[in-house]
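What follows is a set of notes on a single structure, which appears directly below.
By convention in this document, chain letters (A, B, ...) are assigned in the order of the sequence lines, proteins followed by strands, and residues within each chain are numbered from 1.
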Amino acid sequence: MRAEETDVPRLPRGVKLKFDQVRSRHVLLAPERAFNIDETAAAVLELVDGQRTCGQIVDALAARYDEKREVIADDVRDMIGSLIARRVIET
Amino acid sequence: MSEIATVARKEVSEGTRPEAAPSVGHPIGILAELTHRCPLRCPYCSNPLELERREAELDTATWKRVLSEAAALGILHVHLSGGEPTARPDLVELTAHCAAEGLYTNLITSGIGRASGMIDALSEAGLDHVQLSVQGASAETGDRIGGYKGGHAAKLEFARKVTDLGLPLTLNAVIHRGNIHEVEDIIALAVALKARRLEVAHTQYYGWAYVNRAALMPARPDVDRSVALVEEARRRLEGILVIDMVIPDYYARYPKPCSGGWGRRTLNVTPTGRVLPCHAAESIPNLEFWSVRDRALGDIWQSSPAFNAFRGTDWMREPCRSCDRREMDFGGCRCQAMALVGDAAATDPACSLSPFHARVEALATEEAAAVAPDYLYRTIGGAPAKAPEGAAS
């Protein structure tokens with residue numbers, strides 16, 4: 001599943017991005033699941049705020065990492081889409 | 001991004017592939033069995049046959065200390081369970097304490113009794129998720145299996161309260177021959193109740209379920225049909241409902257990586273404070289369990305003889321010892337090996353490589369074909385004197 005450019009993703013109640021002090025890394029906590037979050041994924045999730053569209057998230061990341069939009073757009077939309085499919089992100 | 005933890009409990013550990021880790025890593029989940037008291041009398045209850053009484057339960061201060069120690073140990077998820085955890089009046093206080101410690105809280109509830117009256121306060125205290133059991137798709141089935149008239153209707157009402165509060169809801173249905181024909185309706189019920197997640201958990205035969213096995217064991221064709229229904233629904237409901245399934249061990253080819261491996265990822269604290277690698281571990285004789293009344297949780301996790309008894313792979317014998325799957329399923333379930341083969345260090349006979357596997361499948365087939373006996377309902381003090389047949393007898 002790939003999220004649309006116009007989708008506005010958000011973390012619903014019961015899903016939390018947390019910095020795990022014991023393991024020194026980000027984790028995404030959800031019902032009966034936890035995900036290891038690397039630096040790249042954390043950068044995406046920190047922009048998932050229920051305000052920005054997927055397109056705006058891609059724009060922000062492209063600017064931040066000085067990267068062409070088309071290089072990262074599919075990866076970002078795939079990552080958000082996979083979390084929508086697992087009901088960890090809502091739109 | 002990788003998934004590090006699906007589920008901390010025995011019922012739902014099927015299908016997860018644990019990452020390789022040193023023999024004593026950080027635990028990720030704790031099952032806090034706050035009480036064994038429960039208004040329901042389900043014949044497959046995961047509590048032990050010898051149920052603890054209220055007078056013997058840990059007090060609030062001890063639970064708070066244990067939960068703080070859990071957070072410091074690296075535990076992420078706390079499963080507030082029982083029995084029925086809302087039977088404890090201090091549940092709101094304990095939930096708030098978990099939230100303050102940064103722990104993710106999961107309430108595992110029947111939705112009956114005090115649950116409905118307490119859910120607003122629990123939500124306010126920072127509860128993260130609710131897992132509600134249903135015993136069937138209809139009131140007739142549900143009330144008969146749970147042994148509680150009006151229970152099913154109360155659950156539906158409770159589910160609506162949960163989703164109205166914006167809390168994420170999981171429905172858990174333990175599946176057996178008494179409700180396997182309702183799997184399709186249970187999936188529809190989960191969607192209608194706006195659950196985000198459903199556990200279709202085929203009965204795991206420990207404790208009460210083991211003594212009720214002949215009454216619960218489904219026939220193979222019904223199992224296959226239910227699995228196909230779930231697989232179809234997963235595709236149809238992607239993005240609407242996540243469905244986790246637990247395959248029935250007796251018909252399996254490979255065993256489940258029980259609890260993600262013994263003493264590797266999760267621990268379980270009983271109402272009186274004993275710390276177990278899984279909720280059925282006390283069925284294994286001669287294991288020495290330590291208690292939070294005497295020791296800190298981290299000390300128990302690291303050094304308790306019970307946790308170290310089956311950690312890693314050194315304890316294994318053949319065919320596990322040289323098996324390519326030994327760090328995928330960790331030899332399966334120690335409690336099941338004990339129950340069926342009489343040896344906790346044997347290969348789980350759910351595995352097709354076990355010499356007892358054919359006998360286990362034959363036992364299941366015979367029991368499913370016979371007329372189902374009446375349930376022996378779960379009651380405090382109601383443990384039976386005699387256990388059913390194993391595979392080695």
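- With a threshold of 4.5 angstrom between heavy atoms, A:A42 does not approach chain B through any atom at all.
- The greatest number of non-hydrogen atom pairs below 4.5 Å with chain B, out of A:K18, A:R87, A:E90, is found for A:R87.
- Residue contact with chain A, scored on non-hydrogen atoms closer than 4.5 Å, is absent for B:L237.
- Of residues 60-78 of chain A, not one residue has a non-hydrogen atom less than 4.5 Å from any non-hydrogen atom of chain B.
- Residue B:L169 does not touch chain A at all, counting heavy-atom pairs closer than 4.5 Å.
- Residue B:L76 comes nearest to A:A34 through the heavy atom pair CD1-CB, 4.2 Å, listed as atom of the first residue, atom of the second, then distance.
- Within 6.0 Å of the CD atom in B:E232, the count of heavy atoms belonging to other residues, nucleotides or ligands exceeds 12.
- For chain B, no part of A:Q21 is nearby; none of its heavy atoms comes within less than 4.5 Å.
- Annotation: side chain to side chain contact (heavy atoms under 4.5 Å, CB included) contacts of B:Q302 (sequence neighbours excluded): B:V24.
- Remark: B:K161 pairs with no residue by the salt bridge (charged side-chain N to carboxylate O under 4.0 Å, His left out) rule, at least two apart or across chains.
- Minimum heavy-atom separation, A:R86 to B:V242: O-CG2, 3.3 Å.
- The minimum heavy-atom distance linking B:H77 with A:R33 is given by the pair CE1-O, 3.1 Å.
- Applying a 4.5 Å heavy-atom cutoff, the residues of residues 8-17 of chain A that approach chain B are A:P12, A:R13, A:G14, A:V15, A:K16.
- Across all their heavy atoms, B:P27 and A:R23 have their closest contact at O-NH2, 3.0 Å.
- The structure places CD1 of B:I28 at 11.0 Å from CG of A:D20, a figure rounded to the nearest 0.5 Å.
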